[in-house]
Amino acid sequence: MRILLVEDEPRLATQLHAALTAAGYAVDAADNGRDALYQGEQENYDAVVLDLGLPLLDGLSVLRRWRSGGRSMPVLILTARDAWHEKVDGIDAGADDYLTKPFHMEELLARLRALIRRAAGQASAEIACGAVVLDTRRGQVTVDGQALVLTSHEFRLLAYLMHRRGQIVSRTELVEHLYAQDYDRDSNTIEVFIARLRKKLPPELIETVRGLGYRLVCPA
Ligand code: CA
């Protein structure tokens with residue numbers, strides 16, 4: 001899962017970047033509205049954390065322009081304390097959720113997980129595919145109740161496929177959603193991670209759909 005983090009306050013931005021990375025997300029950051037607008041238009045994010053008070057272009061304008069341009073990714077806005085009108089304006093502008101500063105990092109992570117799940121049509125915090133279960137709260141995958149040991153890249157890839165189980169996911173889509181912008185994408189091809197995951201998972205779980213990509217096949 002790939003997140004766009006838009007926050008101009010350096011200390012909070014650093015804390016958020018570290019927490020999101022530790023939670024297993026690929027993170028792109030912007031510290032002003034103009035860059036945020038561009039990145040949100042050009043890249044495909046699984047969710048956006050958007051501060052409203054930003055230099056160059058305010059967060060509400062950024063959000064309105066994304067929505068009017070047809071960008072539908074989940075957006076969690078960060079609003080100033082006691083500014084209830086910001087929440088109303090933000091939701092009217094197309095925000096999916098909000099948090100009031102200061103907030104607890106755990107709450108932000110929980111709300112993000114819920115937004116990403118709902119966007120993928122998953123209501124529950126646990127996503128199952130046969131014997132394989134992804135616990136989105138703990139960031140853990142089990143097979144028949146046994147925890148899998150996965151690298152962060154393997155986890156990100158499997159979590160993405162689990163959110164879209166049964167659907168064909170192209171390599172391009174995987175690259176877009178697994179790596180941050182500044183990451184050297186060539187050095188770690190998707191095929192390598194798929195091969196590693198297959199060794200750790202039940203056979204036949206990850207199907208290669210020739211010319212199209214991959215599909216997680218869940219037994220009925
Ligand atoms: Ca700000």
Side-chain angles (χ1 to χ4, degrees), residues 1-5 17-28 43-49 73-74 106 108-220:
M1 301 293 167
R2 186 172 170 205
I3 306 283
L4 175 61
L5 166 63
H17 197 287
L20 291 168
T21 305
Y25 297 109
V27 183
D28 287 349
E43 304 289 330
N44 288 313
Y45 294 104
D46 296 292
V48 178
V49 177
M73 65 285 198
E106 281 306 313
L108 179 128
L109 294 173
R111 285 175 181 274
L112 263 188
R113 286 194 295 271
L115 284 182
I116 291 169
R117 282 200 314 266
R118 288 206 296 268
Q122 310 285 349
S124 156
E126 283 194 352
I127 302 173
C129 181
V132 182
V133 177
L134 167 69
D135 184 336
T136 60
R137 289 161 304 191
R138 297 165 67 199
Q140 195 176 56
V141 179
T142 55
V143 180
D144 288 322
Q146 299 287 310
L148 273 192
V149 179
L150 299 169
T151 66
S152 61
H153 276 94
E154 290 166 358
F155 175 79
R156 215 179 280 164
L157 173 54
L158 183 56
Y160 192 83
L161 290 173
M162 289 290 281
H163 277 80
R164 281 155 189 79
R165 63 204 162 146
Q167 303 170 25
I168 297 173
V169 179
S170 71
R171 282 184 189 82
T172 312
E173 181 177 344
L174 287 172
V175 169
E176 280 175 0
H177 289 269
L178 300 186
Y179 302 124
Q181 220 163 20
D182 53 3
Y183 193 82
D184 177 11
R185 298 171 183 194
D186 291 338
S187 67
N188 287 292
T189 65
I190 296 294
E191 287 81 357
V192 173
F193 289 118
I194 291 280
R196 286 189 200 157
L197 275 178
R198 279 187 169 134
K199 286 182 190 156
K200 300 182 179 184
L201 291 165
E204 322 290 309
L205 184 84
I206 303 176
E207 177 191 19
T208 301
V209 185
R210 257 182 84 104
L212 295 175
Y214 302 99
R215 176 166 52 197
L216 224 58
V217 182
C218 307

Evaluate the side-chain proximity of [Y] to [X]: yes if any heavy-atom separation is below 4.5 Å, no if none is.
{"X": "Met73", "Y": "Asn44", "value": "no"}
{"X": "His17", "Y": "Leu5", "value": "yes"}
{"X": "Leu134", "Y": "His163", "value": "yes"}
{"X": "Thr208", "Y": "Tyr214", "value": "yes"}
{"X": "Leu4", "Y": "Glu43", "value": "no"}
{"X": "Ile194", "Y": "Thr189", "value": "no"}
{"X": "Thr142", "Y": "Asp135", "value": "no"}

Heavy atoms only: give me the nearest [X]-[Y] pair and the separation to one decimal.
{"X": "Leu157", "Y": "Ile190", "answer": "CD2-O, 4.5 Å"}
{"X": "Ile3", "Y": "Tyr45", "answer": "C-CD2, 3.6 Å"}
{"X": "Leu109", "Y": "Ala19", "answer": "CD2-O, 4.3 Å"}
{"X": "Ala119", "Y": "Pro74", "answer": "CB-CG, 3.7 Å"}
{"X": "Ala26", "Y": "Arg156", "answer": "CB-NH1, 3.4 Å"}
{"X": "Gly166", "Y": "Arg215", "answer": "O-CD, 3.2 Å"}

Distance from [X] atom [atom1] to [Y] atom [atom2], nearest 0.5 Å?
{"X": "Ile116", "Y": "Thr136", "atom1": "CD1", "atom2": "OG1", "result": "9.5 Å"}
{"X": "Arg196", "Y": "Thr151", "atom1": "CZ", "atom2": "OG1", "result": "6.5 Å"}
{"X": "Met162", "Y": "Arg117", "atom1": "CE", "atom2": "CZ", "result": "13.0 Å"}
{"X": "Arg171", "Y": "Glu191", "atom1": "CZ", "atom2": "CD", "result": "4.5 Å"}
{"X": "Glu106", "Y": "Arg111", "atom1": "CD", "atom2": "CZ", "result": "13.0 Å"}
{"X": "Leu161", "Y": "Leu201", "atom1": "CG", "atom2": "CG", "result": "9.5 Å"}

> Can you say whether the rings of Phe193 and Tyr179 are parallel (under 30°), tilted (30 to 60°) or perpendicular (over 60°)?
Replying inline: tilted
> Is a side-chain donor or acceptor of Arg113 paired with a backbone partner of Ala125 at a separation under 3.5 angstrom?
Replying inline: no
> Is a side-chain donor or acceptor of Arg2 paired with a backbone partner of Asp28 at a separation under 3.5 angstrom?
Replying inline: no
> Under the side chain to side chain contact (heavy atoms under 4.5 Å, CB included) criterion, do Lys200 and Leu150 qualify, and how do the steps go?
Replying inline: CA-CA 9 Å; Lys200 300 182 179 184; Leu150 299 169; 3.8 Å; yes
>> Among Leu20, Asp46, Leu178, which residue satisfies the side chain to side chain contact (heavy atoms under 4.5 Å, CB included) criterion with Tyr25?
In response: Leu20
>> Please check if the number of heavy atoms outside Arg138 that lie under 6.0 Å from its CZ is greater than 12.
In response: no
>> Please determine whether side-chain hydrogen bond (donor to acceptor under 3.5 Å, both in side chains) holds for the pair Arg164 and Tyr160, giving the CA-CA distance in whole Å, both sets of side-chain angles, and the decisive distance to 0.1 Å.
In response: CA-CA 7 Å; Arg164 281 155 189 79; Tyr160 192 83; 3.3 Å; yes
